[in-house]
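This report refers to the structure that appears directly beneath it.
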Amino acid sequence: MVVLTQTQTCFFEVGRRSNLLPLTPLSAILPPLLLLCFFFTATAAAVLLFLRRPAVATGSSSSPLHLLLRRCCCWFTMTIVDIILYYGGPLNNANANEGLPFEGPGIKCYYTQIDHRLKTLNDLKMIVMKEMCVNPALHDIQIIFRSPHEVLKDRINYKYMAIEADKHVKIMFDKMERIVQVSAIELYIKLELRAEVGTEEIKQTTTSLQVTIPDAQYDCGEIDADNAISVQNIMNTIPAYTLPASSYSANTRANMERRTIGQIPSVASLNNEGASFSSSTRRWEYAVFLSFRGEDTREGFTSYLYKALCNKGINTFIDDIDLPRGEEISEKLIQAIKNSSILVIVFSENYAESKWCLDELAEIVECRKKDQEVQIRPIFYNVNPSEIRNQNGKFGTALANHEKKFKNNKDKDKVQRWRDALKKAANASGWHYKKGYTRYKSESDFIQNIVEEISNAKLNWMPLYVAEYPVGINSRAKAIMSLLDIGLDEVCVVGMYGLPGVGKTTIAKAVYNKITKHFDGSSFLENVREKLRTNAGLFKLQKQLLNDISRDGKWKVGNSSKGITLIEETLRCKKVLLILDDVDNSTPIKNLLGKCNWFAPGSRAIITLRDRHFLTALKEKVCATYKVMEFEVEQLNKHEALQLFKEHAFPRNKPHDEDYSKLAIEFIDFANGLPLALEIIACDLCGGPKNVWKNALNKYKEIPNEDIQKKLQVSYDGLQDTEKDIFLDIACFFKGLDEGYVVKILDACELYPGCGIPRLVDKCLITIDQDGTLSMHDLIQQMGREVVRQQAPKIPGERSRLCCYKDSLEVLTGNKGSEKIRGIMLHSPQPVKVQLHMEAFKKMENLKFLIVENVDICGPLEFLPHSLIFLKWPSYPFHWPSKYFPEQLVAIEMPHSRIKLPKLITQGHPLANLINVNLRYCKFITKLPKLWAPNLESLELAGCENLVKLTELGALNLGYLDLSNCKNLVKLTELGAPNLWYLKLSKCENLVEIDECFGSLEQLTEWFLDGCRKLQILPSQLRLKYLDTFHLSGCSSLEKLPNFHPEMECLNTLGLQGSGIREVPSSIEHLSKLEELSLSNCKNLGDLPDSIYKLQQLKWLDTPTAKLRPTCNSFDGSSGYGFVNMTELNFHSYEGIIELDLLMKPDYFPALERIILCFTNIVTIPESFSRFPRLIELHATNCKHLREIRGLPQSISTVDVYSSMLLNTSQSGLFNQVIGIIGILPNRVCGRARSNKLMDLLFSNNLPSRSLTHEWVEFWGESFDGFHHAITFSGTEMLKWFNHRSFGK
């Protein structure tokens, strides 16, 4: 099945086949007639021979008699024409004019037949579209004929000819009759939209149109003789290359067979199937390129669209006024087009008058032709799409004028190029806006709709990385998609199982990339089994699932129960695609899916697992509500395995001789189709000489084939000694940790991980994900651990590493250690209390890594090796051994322990290697001595509630410092850490003062002081030029903010909510990039400085006051001032707000759409409100003192003044004010209450009774002057006024 979208292309190749009509009752007279015709034919031929006329001008070798006889045959027979349909991709064959087959990525073909008697272009189109199952009402097709131009001795040359009229159809068949060497006529078919842009019908059709193609098809790719496998073998194993059984003419069929054999794809393309599943994520320089006519829209629509896209975080290119303009568009602009994923064209009224715009458009269309990943999205701004498609009206006039200018110019073909580009761009799916005739409420609403669509599309452009060479992925992914059947509304779950390393995760990623666009939300959760082992991992998965589906990144999960509830609510309301990777029967999957009865209709889930038994249990116990189907991922067949092996063993199709090929076949047989083993073995052999290949093959064969772990060990054996140590350390202790962290630990072991880890990546033994986390396949990890076990299978104490809980416990309880042990991990699956031997570590003189988790020991240790480099022992219940000094330590992680630092650190021994210290919630730490750790980078002391003093650390490299919840810390003094970039002091409840030096930390980017209730003294001035986030919320004793230095232009978020500040310094104007400012619950705050208007990037403001105070540098005019990005202003529940000075300059709020004044003490809505250009909603409910509304803008659509008691002033009160302002008279409203005018006025009455009875009077009708939604009022007087009026009279 082939999915055709509006830009896909198809091809037809037409061949002849004669089919005589059966005899009719006139058969008695037919023979004489035929003889008569033959007589005239022979006579004509004799005349032609006598005159010795030359062959056809094209160079045909056919004689005049031959051609005349052929024409006579056509007159007296009905010709059935064989058709070869090409479809599925763009052309890229530069040699197609020499008779080579059409080729290009994704191009396929199949065969059918048509009647030669058709004479019109429309007949041809209808037949073609019927074969393609395309709706002619919604689509049109363009046809290009590859016309025989010149017949030579050894080949035929062709030219492309557009079939645009009935005469072209005639020419097509005439050429077929004339040239005997031509066995087929080929047509290039492109599917285009016919319907109006933007209609729902088109959206539904273009996204889900499916065309069923017969099985008789073959790929049209390139021949690669060096890498091609046996043609006969391929023909036997790939059904797509089988020719149809129809009886074509011998000439046509022979040509088909030649092409079929000749078009066997190369090794690089045969099973790559890259057209369907990208192997990597493409990086674009720009998300959007804007093309527009500057004189028409630069200062208006396009400018607003550009700002809206940028505000949404969409990287958009717009031509700068500094770009050179001339007759030719600049190379910079061409590169911008090529490096943009969405090309947005703003068609305006005078667009076609600009030659520069038309050249740009032609480049855009050419770029789309060459790069199918690029999207063209037109915007028809106050122009009719049909005017552009048909090129009439102003567009037709402009093009005609251009043609006149180019009439005697060598560039006259340029106009035709423009015409073609206009037609192609106008046929793409886009947006249409025409003032007064549109479904959008306003131009702003139209722009917002465009931005949201582009934003959603942008989110869907980020495919998961599948594989460098996705061999065999396409067919398996298609089989799974067939099971999923995403066209149905029912919920479906597919469980994928198979051998470890067979490619379940890779195939799941390919399916995800292909179908995710069909869902409202999607999430791919990797390594579920491993992550769900801990609560932290569960919370992380729950958070990822929620954020992936909602696409806002704001979800937080505090506990699993809350996460389950949130997931249930989210899944019930959205059609989602969810993939859970690597699940087993020990996985608490209910914490993610409950009983699998939460999915909304149409949702799909894929679960990859290693144990088929769990899938059966999943059906019966968890997913009993929905259809659960199984899919076994089979191993690669020999052809696929050879392809995958060659891609990794011979990169870039490097030539190789027959000996290598024979060896490769033997390796394929050995690996038995396991992709993981194939990749590892091939990468291991890549670039090696033949003798290495032969020796490796012999070595592989010595290992039992049924033991995959042992197969993988051969790759390990090829590592150098240091690389082996790195690999085994990661396999036993460091899988899942950050690469940079592990590199620092292993560097101290003199293993040179900076070189070794990349080598392991190249060997496919480990991977590093996009977050920098070290990972490896479970099979690889098990292989590494097995290597260690084999060092002393029966004596754990003689091995280099211990990571099995049972073995580690045996050694530590029985004091069976030795100097051979390099690392030991004692990690119990469940919390357990054990009695370790008091001298368990005494014999382990070379111990580098010690990890103890989930184990509580009964007695203190008397000895720890001084050789330790990495120590992780959370909740260690005793003090340090008295004789232990950690001089070699690089990282120590001992949160919730009972250790005391003075016993750990003495000034006489510097800790030169120490980089990371995590002693969170160690309650016995009372002071932090000088660490003598010059290389310390991270120090975590959060929750050390008895810590009262920090001395100078002398840690020049310290960047991360967490002192949150140190409740007895009173003063933060100089630390000697000038390179801090993260400082957290949250909830230090007794912290009063912070030293002046912290106001000039040049590298500081995040500073948290929230919850420091007694904080009073900050540095007098902040000169933190890289500070991005600064939180002082809840600092109720802080009355004065520091001054902000002009260099603090990077600050993005300033949180002051609940602080005791009395004023905001006028120097806040220097925070030029501030986007979020929270002043809520600042009860002592007075007036705001008018310099706040200089915060042009401010998007979110929460303030308890709207009154301004003039500053010494008060300014006049509006140039350069104002909240240009603010859309909502919230004063909710701030009773101190009486005056609205902040809102007296509407020009400073060009984007403001919503004002919330609910529960404030405002008296008057000022006249300035009428000048807010985009204000849509005004909410002033429960404003008990509101008496007057003096002005509202024409853009207003909602005024909500429920329970605002100003209605005692008159019978009409606020209602008369509002409708008078917006131009609606009360008599007119009531008098037309039953007309077709549309208006929704909702009146409500809060009757003053204990029962809180509500009376509602509803008034329905049509909008007046753009007022669309609802006015909400309350109060007895309004109802009296309303009831006093005649209703419908």
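The structure displayed is predicted, hence computed values, not measured ones.
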Which is it for Leu121 and Ile143 under the side-chain contact (heavy atoms from CB on, under 4.5 Å) test, yes or no, and what are the steps along the way?
-> CA-CA 10 Å; Leu121 174 62; Ile143 303 176; 4.2 Å; yes

Identify whether the distance between the nearest side-chain nitrogen and carboxylate oxygen of Asp319 and Lys332 falls below 4.0 Å.
-> no

Could you tell me whether the side chain of Asp371 reaches within less than 4.5 Å of the side chain of Arg368, counting heavy atoms only?
-> no

Enter the distance from Ile1068:CD1 to Leu1095:CG here, rounded to the nearest 0.5 Å.
-> 5.5 Å

Trp1100-Asn1130 side chain donor-acceptor pair, cut-off 3.5 Å | no

Can a donor-acceptor pair be found between the side chains of Glu1153 and Thr1127 at a distance below 3.5 Å?
-> no

Heavy-atom distance under 4.5 Å between the side chains of Gln391 and Leu399, does that happen here?
-> yes

Test: Lys394 and Glu387 ion pair at under 4.0 Å = no

Asp1147 vs Tyr1121 side-chain heavy atoms within contact, under 4.5 Å | no

Are Glu453 and Arg377 ion-paired here, with the side-chain N under 4.0 Å from a carboxylate O?
-> yes

Which pair of non-hydrogen atoms, one from Ala336 and one from Ser340, has the smallest distance, and what is that distance?
-> O-OG, 2.6 Å

State the CD-NZ distance between Glu366 and Lys424, to the nearest 0.5 angstrom.
-> 8.0 Å

Could you check if a side-chain atom of Val288 sits within less than 4.5 angstrom of a side-chain atom of Ile454, using non-hydrogen atoms only?
-> yes

Any idea how His402 and Trp418 line up, ring-wise: parallel (<30°), tilted (30 to 60°), or perpendicular (>60°)?
-> perpendicular

Take Asn449 and Trp431 through the side-chain contact (heavy atoms from CB on, under 4.5 Å) test and state the conclusion after the steps.
-> CA-CA 9 Å; Asn449 178 268; Trp431 303 275; 3.8 Å; yes

If you count the non-hydrogen atoms of other residues, nucleotides and ligands that lie under 6.0 Å from CD in Glu1128, is the total more than 12?
-> yes

Heavy-atom neighbours of Glu299 CD exceed 12 at 6.0 Å = no

What's the spacing between Ser386 OG and Phe395 CZ if we round to 0.5 Å?
-> 11.0 Å

Rounded to the nearest 0.5 Å, what's the gap from CD on Glu1076 to OG on Ser1078? Could you check?
-> 9.0 Å

What distance do Ser291 atom OG and Ile364 atom CD1 have between them, rounded to the nearest 0.5 Å?
-> 4.0 Å

If you take all heavy atoms of Ile376 and Val365, which pair is closest and at what distance?
-> CD1-CA, 4.1 Å

Flag the pair Ile342 / Ile314 as yes when at least one side-chain heavy-atom distance between them is below 4.5 Å, and no otherwise.
-> no

Contact summary for Gln1096 and Val1124, nearest pair of heavy atoms | O-CG2, 3.0 Å

Would you list the atom pairs, donor with acceptor, under 3.5 Å between side chains in residues 302-311 and any protein atom, with sequence neighbours excluded?
| residue | atom | partner | partner atom | Å |
| --- | --- | --- | --- | --- |
| Thr302 | OG1 | Thr297 | OG1 | 2.6 |
| Asn311 | ND2 | Lys307 | O | 3.2 |
| Asn311 | ND2 | Asn1125 | OD1 | 3.0 |

Between Arg419 and Glu403, is the closest basic N to carboxylate O distance under 4.0 Å?
-> yes

side-chain contact (heavy atoms from CB on, under 4.5 Å) evaluation trace for Lys435 with Tyr440 = CA-CA 9 Å; Lys435 192 172 182 180; Tyr440 304 99; over 6 Å; no

Heavy-atom check, side chain of Ile379 versus side chain of Ile345, under 4.5 Å | no

Ring centres under 6.0 angstrom apart (Phe1123, Tyr1093) | yes

Should Lys312 and Glu452 be marked as a salt bridge (charged side-chain N to carboxylate O under 4.0 Å, His left out) after you check the CA-CA gap, both sets of side-chain angles, and the distance that decides it?
-> CA-CA 9 Å; Lys312 193 70 173 178; Glu452 288 300 323; 3.1 Å; yes

Any chance the side chains of Asn1052 and Asp1028 put a donor and an acceptor closer than 3.5 Å?
-> no

Salt-bridge criterion met for Glu1177 and Arg1154 (N-O under 4.0 Å) = yes

Sequence neighbours left out, cut at 3.5 Å: what donor-acceptor pairs do the side chains of residues 1044-1051 make with other protein atoms?
| residue | atom | partner | partner atom | Å |
| --- | --- | --- | --- | --- |
| His1045 | ND1 | Glu1047 | N | 3.1 |
| Glu1047 | OE1 | Arg1023 | NE | 3.4 |
| Glu1047 | OE2 | Arg1023 | NH2 | 3.2 |

What's the verdict on salt bridge (charged side-chain N to carboxylate O under 4.0 Å, His left out) for Arg1190 and Glu1167, showing C-alpha distance, side-chain angles and the deciding distance?
-> CA-CA 5 Å; Arg1190 294 181 178 176; Glu1167 184 275 336; over 6 Å; no

Partner of Tyr433 under ring pair (Phe, Tyr, Trp, His ring centres under 6.0 Å), picked from Phe301, Phe380, Phe446, Phe347, is Phe446

When rounded to the nearest 0.5 angstrom, what is the spacing between CD1 in Ile1155 and CG in Leu1152?
-> 4.5 Å

If you take all heavy atoms of Ser341 and Ala287, which pair is closest and at what distance?
-> OG-O, 2.9 Å

Heavy-atom closest pair (Ser1066 atom, Ser1091 atom, distance to 0.1 Å) is O-OG, 3.0 Å

For side-chain contact (heavy atoms from CB on, under 4.5 Å), just list the numbers for Thr1103 and Ile1092, CA-CA rounded to whole Å, side-chain angles, deciding distance to a tenth of an Å, and then say yes or no.
-> CA-CA 12 Å; Thr1103 171; Ile1092 198 170; over 6 Å; no

Between the main-chain N or O of Glu285 and the side-chain N or O of Asn339, is there a donor-acceptor pair closer than 3.5 Å?
-> no

Taking Ser1197 for its side chain and Ile1176 for its backbone only, find out whether a donor-acceptor pair lies under 3.5 Å.
-> yes

Nearest heavy-atom contact between Phe1131 and Leu1143 is CE1-CD1, 4.1 Å

Does the side chain of Met1144 come within less than 4.5 Å of Pro1166's, by heavy atoms?
-> yes

Would the Tyr286 and Phe289 ring centres measure less than 6.0 Å apart?
-> no

Would a 4.5 Å heavy-atom cut-off, applied to side chains only, mark Glu353 and Arg293 as touching?
-> yes

